[in-house]
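Here is the structure we will look at, set down as structure tokens.
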Amino acid sequence: MKIILLGPPGAGKGTQAAGIVEKYNIPHISTGDIFRKNIKEGTELGKKAKEYMDKGLLVPDELTVGLVTDRISQDDCKNGFMLDGFPRNVSQAKYLDSFLQKTNIALDKVVNIEVDKSILVERAVGRRICKSCGATFHIEFNPPKENGVCDVCSGELYQRADDTEETVSKRIQVYLDETKPLVNYYTSQGIIANINGQQSIEKVFEDIVDALGSEK
Ligand code: ADP
Ligand code: AMP
């Protein structure tokens with residue numbers, strides 16, 4: 001199964017990704033996670049990416065597209081993969097398409113999680129992530145059993161540096177300007193599945209599995 005997860009910041013992509021990669025046994029490729037790992041490790045890429053991420057802007061394509069195509073070329077992606085947060089604009093989508101064509105890979109589905117703009121800020125600002133395993137919680141909508149502690153691995157929960165009200169609002173605007181056009185782009189390719197993201201986490205997952213089918 002070769003999938004792209006599309007949707008605005010706070011739509012629930014990371015939350016749904018966990019269940020999808022487990023069900024279909026495919027690697028989860030999140031460009032945001034790759035950048036955050038590089039920032040943590042203090043790499044050159046991390047330093048450059050941080051300048052943009054802190055402002056809620058997209059990291060330039062030349063720092064991003066090669067990362068993804070290198071990752072897709074690895075052996076563990078032969079039977080499928082899930083891209084989360086990539087592509088983020090039409091030029092990244094075109095770059096990906098031309099790479100996929102050259103390498104004879106066909107995308108199965110683009111899962112587009114739709115959530116009204118009015119609730120995205122609240123979702124992102126209340127997001128808490130486990131430092132150890134990356135599991136995602138929300139202080140109100142999906143709280144951990146114990147405050148600040150991961151239910152899955154007992155790791156410490158943290159708030160992303162870019163999950164402030166100001167930066168999230170900027171990221172939503174960037175989504176509307178640069179990423180949302182991809183909905184039309186993939187609709188015209190006939191591979192989009194629009195999913196109502198304003199339902200319980202479990203119901204959203206059910207709808208995604210219905211759209212993807214049981215095939216691996
Ligand atoms: P994205 O990866 O699209 O930015 P996340 O999966 O990190 O979004 O979700 C953003 C926040 O919203 C998290 O705190 C998460 O727990 C919460 N969340 C995700 N899905 C739902 C949902 N269906 N209903 C309510 N809150 C949700
Ligand atoms: P995310 O973890 O998907 O919410 O992404 C966090 C931030 O990482 C974004 O606000 C961007 O600054 C950067 N980022 C992630 N993916 C991309 C991408 N495909 N292109 C450009 N910037 C990205």
Side-chain angles (χ1 to χ4, degrees), residues 4-21 28-39 45-46 48-69 71-72 82-96 111-116 119-130 134-144 150-152 157-164 166-179 182 195-208:
I4 291 175
L5 267 187
L6 198 63
K13 300 183 295 296
T15 301
Q16 298 300 331
I20 297 170
V21 296
H28 176 195
I29 305 173
S30 155
T31 39
D33 284 349
I34 295 172
F35 290 137
R36 280 184 289 276
K37 183 166 182 275
N38 275 273
I39 292 173
L45 172 66
K48 286 185 192 150
K50 189 174 185 308
E51 284 176 36
Y52 298 90
M53 291 168 77
D54 283 350
K55 294 183 189 137
L57 300 173
L58 293 187
V59 176
D61 291 353
E62 57 270 27
L63 298 177
T64 308
V65 292
L67 269 183
V68 177
T69 49
R71 183 65 189 86
I72 295 175
M82 192 191 58
L83 296 177
D84 165 6
F86 182 92
R88 223 40 175 242
N89 58 31
V90 172
S91 77
Q92 291 182 4
K94 286 186 172 161
Y95 185 94
L96 177 67
V111 174
N112 177 36
I113 306 181
E114 299 179 300
V115 171
D116 198 75
I119 64 168
L120 291 172
V121 174
E122 201 182 357
R123 277 208 189 172
V125 172
R127 166 164 49 197
R128 298 293 182 271
I129 299 169
C130 176
T136 302
F137 298 88
H138 190 281
I139 50 171
E140 194 182 331
F141 307 140
N142 182 26
C150 176
D151 287 357
V152 183
L157 302 186
Y158 78 103
Q159 183 174 19
R160 270 170 51 175
D162 59 350
D163 276 346
T164 61
E166 193 190 350
T167 313
V168 172
S169 302
K170 178 69 193 168
R171 284 159 54 207
I172 294 168
Q173 196 52 51
V174 168
Y175 165 81
L176 294 172
D177 294 342
E178 301 193 47
T179 311
L182 294 180
I195 303 291
N196 174 5
Q198 285 176 235
Q199 312 178 86
S200 70
I201 291 173
E202 294 73 23
K203 179 69 171 79
V204 175
F205 184 65
E206 236 178 82
D207 287 358
I208 292 174

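Computed from a predicted model, the values in this text were never measured in an experiment. We count ligands from 1, going down the list as the structure has it; atoms in each ligand are counted the same way. Side chains included, hydrogens not; waters and symmetry mates left out as well; all remaining heavy atoms used.
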Among protein heavy atoms, which lies nearest [atom], and at what distance?
{"atom": "atom 24 (N) of ligand 1", "value": "R123 NH2, 3.3 Å"}
{"atom": "atom 23 (N) of ligand 1", "value": "Q199 O, 2.8 Å"}
{"atom": "atom 4 (O) of ligand 2", "value": "R160 NH2, 2.9 Å"}
{"atom": "atom 16 (N) of ligand 2", "value": "T31 OG1, 2.7 Å"}
{"atom": "atom 8 (O) of ligand 1", "value": "G12 N, 3.1 Å"}
{"atom": "atom 7 (O) of ligand 1", "value": "R127 NH1, 2.5 Å"}
{"atom": "atom 23 (C) of ligand 2", "value": "F35 CE1, 3.7 Å"}

- Closest heavy-atom contact between L6 and K13?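 Of all heavy-atom pairs spanning L6 and K13, the closest is C-CD, 3.8 Å.
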- Side chain or backbone of A17 under 4.0 Å from ligand 1, or both, or neither, by non-hydrogen atoms?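 None of A17 does.
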- Is it the side chain (CB and beyond), the backbone, both or neither of Q16 that lies under 4.0 Å from ligand 1, heavy atoms counted?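 The answer is neither.
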- Message: Are C150 and F137 packed together at the side-chain level, in the sense that at least one heavy-atom pair is separated by less than 4.5 angstrom?
- Response: yes
- Mind checking whether V168 and L120 have side chains closer than 4.5 Å, heavy atoms only?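 No, every pair of side-chain atoms sits at 4.5 Å or beyond.
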Applying a strict 4.0 Å limit to heavy atoms, is [X] in contact with ligand 1?
{"X": "G7", "answer": "no"}
{"X": "A11", "answer": "yes"}
{"X": "S30", "answer": "no"}
{"X": "Q198", "answer": "no"}

Taking [X] for the side chain and [Y] for the main chain, is one N or O donor matched with an acceptor at less than 3.5 Å?
{"X": "H28", "Y": "G14", "result": "no"}
{"X": "R123", "Y": "G10", "result": "yes"}
{"X": "Q159", "Y": "V125", "result": "yes"}
{"X": "T167", "Y": "G56", "result": "no"}

Could you tell me, atom by atom, which parts of ligand 1 come under 4.0 Å of a heavy atom of [X]?
{"X": "G197", "result": "23 (N)"}
{"X": "G14", "result": "1 (P), 2 (O), 6 (O)"}
{"X": "P8", "result": "3 (O)"}
{"X": "F137", "result": "13 (C), 14 (O), 16 (O)"}

- Message: Looking at ligand 2, would K55 count as a contact under a 4.0 Å heavy-atom criterion?
- Response: no
- Query: Testing T179, L182, V174 for side chain to side chain contact (heavy atoms under 4.5 Å, CB included) with R88, which one passes?
  - Reply: T179
- Task: Report the residue from L83, I29, I113 that forms a side chain to side chain contact (heavy atoms under 4.5 Å, CB included) with L5.
- Result: I113
Option with minimal heavy-atom separation from [atom], where the choices are [options]:
{"atom": "atom 1 (P) of ligand 2", "options": "M53, R88, E178, R171", "answer": "R88"}
{"atom": "atom 9 (O) of ligand 1", "options": "D33, L5, T15", "answer": "T15"}
{"atom": "atom 12 (O) of ligand 2", "options": "V59, L5, L57, L63", "answer": "L57"}

Distance, nearest 0.5 Å, that separates [atom1] of [X] from [atom2] of [Y]:
{"X": "F86", "Y": "I72", "atom1": "CZ", "atom2": "CD1", "value": "7.0 Å"}
{"X": "F205", "Y": "T15", "atom1": "CZ", "atom2": "OG1", "value": "12.0 Å"}
{"X": "I39", "Y": "I34", "atom1": "CD1", "atom2": "CD1", "value": "12.5 Å"}
{"X": "I201", "Y": "Q16", "atom1": "CD1", "atom2": "CD", "value": "7.0 Å"}

- Message: Heavy atoms only, cut-off 4.0 Å: how does Q92 contact ligand 2, side chain, backbone, both, or neither?
- Response: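 Q92 to ligand 2: side-chain contact only, backbone stays beyond 4.0 Å.
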- Item | Part of K50 with heavy atoms under 4.0 Å of ligand 2, whether side chain, backbone, both or neither |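 Under 4.0 Å from ligand 2, K50 contributes no heavy atoms.
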- Message: So for ligand 1, is G126 a polar contact partner (N or O within less than 3.5 Å, distance only)?
- Response: no
- One finds that the ligand 2 atoms under 4.0 Å from a non-hydrogen atom of G32 are 2 (O), 5 (O), 15 (C), 16 (N)
- For T64, the ligand 2 atoms whose distance to one of its heavy atoms is below 4.0 Å: 18 (C), 19 (N), 20 (N)
Answer yes or no: does an N/O atom from [X] fall short of 3.5 Å to an N/O atom of ligand 2?
{"X": "R36", "result": "yes"}
{"X": "Y52", "result": "no"}
{"X": "G85", "result": "yes"}

- Basic-acidic side-chain contact under 4.0 Å: D33, K37: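 No, this pair does not count.
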- Message: Could you check whether R171 pairs with D163 (Lys NZ or Arg NE/NH1/NH2 to Asp/Glu carboxylate O, under 4.0 Å)?
- Response: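 Here R171 pairs with D163 in a salt bridge, since their nearest N and O are under 4.0 Å apart.
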- Message: Assess, by modelled atom type and distance only, whether the side chains of D61 and N89 contain a donor and an acceptor separated by less than 3.5 Å.
- Response: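 On atom types as modelled, these side chains qualify, holding a pair under 3.5 Å.
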- Message: Would you say D116 and Q198 are linked by a side-chain donor-acceptor pair, where the criterion is simply a distance under 3.5 Å?
- Response: no
